[in-house]
Amino acid sequence: MRRSLLVALALLAASHVPAQETPAHVDANPLARQPLERFAATRDLPLFSPSRRPPPTPTAHREAEPPPPPPEPPAVVLLGVLTDAQGTRAFIRPNPMDKVRAARVGDDINGWKITRIEPTRIIFGQDERSKTFAMFETRRVTTKTARKNAQR
């Protein structure tokens, strides 16, 4: 009997492992014992979203830039028009500081194409716009200005 009592006490001592101290909040919350990796779905799928999907990432909204304004018509001075066996050419000075050059229908001057050459004028076109330059245009303006100044 003594021997069975000793065996019983030994078994009891071996089976009795001292309890680990657990914090009070762990006992109050059963989820506290779970590893955090187990709750990744809660982080990835928001609780308060009806679709349980994260909101879409905002994209920067850029307004389309307006197209650049079309180039201004060239400040051409028409000096003369020559028609011969080689065709019609207009002698122009594209800018005040440029040399005189001969131009034909279809030539490009500062982004504008020559669409027509007439005996005393030249017509430039770009898309749906057109601009006409005539010979002696500046003299008429000067004469009109001189008349207005003389009347004053």
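- Panel note: side chain Trp112, backbone Pro71; a donor-acceptor pair is recorded below 3.5 Å.
- The two atoms that bring Gly106 and Lys113 nearest to each other are O-CD, 3.8 Å, heavy atoms only.
- For the pair Leu82/Thr88, no side-chain contact is recorded, criterion being any heavy-atom separation below 4.5 Å from C-beta on.
- Going from atom NZ of Lys131 over to atom CD1 of Ile109 covers 15.5 Å, rounded to the nearest 0.5 Å.
- Side-chain contact between Val100 and Leu79 is present, with heavy atoms from C-beta onward closer than 4.5 Å.
- Asn95 places no side-chain N or O within 3.5 Å of a backbone atom of Asp98 that could act as its donor or acceptor partner.
- A 4.5 Å side-chain heavy-atom check between Met135 and Val77 finds every atom pair outside the cut-off.
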> Would Arg89 and Asp84 satisfy side chain to side chain contact (heavy atoms under 4.5 Å, CB included), going step by step from the backbone distance to the final call?
Replying inline: CA-CA 9 Å; Arg89 292 173 289 192; Asp84 61 7; 2.7 Å; yes
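- Other residues, nucleotides and ligands contribute more than 12 heavy atoms inside 6.0 Å of the CD atom of Glu118.
- Phe91 contributes atom CZ, which lies 11.5 Å from atom CZ of Arg101 (distance to the nearest 0.5 angstrom).
- Within the 4.5 Å cutoff, no side-chain heavy atoms of Ile123 are placed close to those of Ile114.
- The minimum heavy-atom distance between Pro70 and Gln126, with the atom names listed, is CB-OE1, 3.8 Å.
- If you take OG1 on Thr132 and CZ on Arg121, they are separated by 5.0 Å, rounding to the nearest 0.5 Å.
- Residues Val81 and Ile117 meet the side-chain proximity criterion, which asks for heavy atoms closer than 4.5 Å.
- Here the shortest heavy-atom pairing between Ile122 and Ala90 reads CD1-CB, 3.7 Å.
- In plain terms, the two heavy atoms of Asp107 and Ala102 that are nearest each other are OD2-O, 4.3 Å.
- For the pair Phe124 and Arg129, the minimum side-chain heavy-atom distance is 4.5 Å or more.
- For CZ of Arg38, the number of neighbouring non-hydrogen atoms (other residues, nucleotides, ligands) closer than 6.0 Å is 12 at most.
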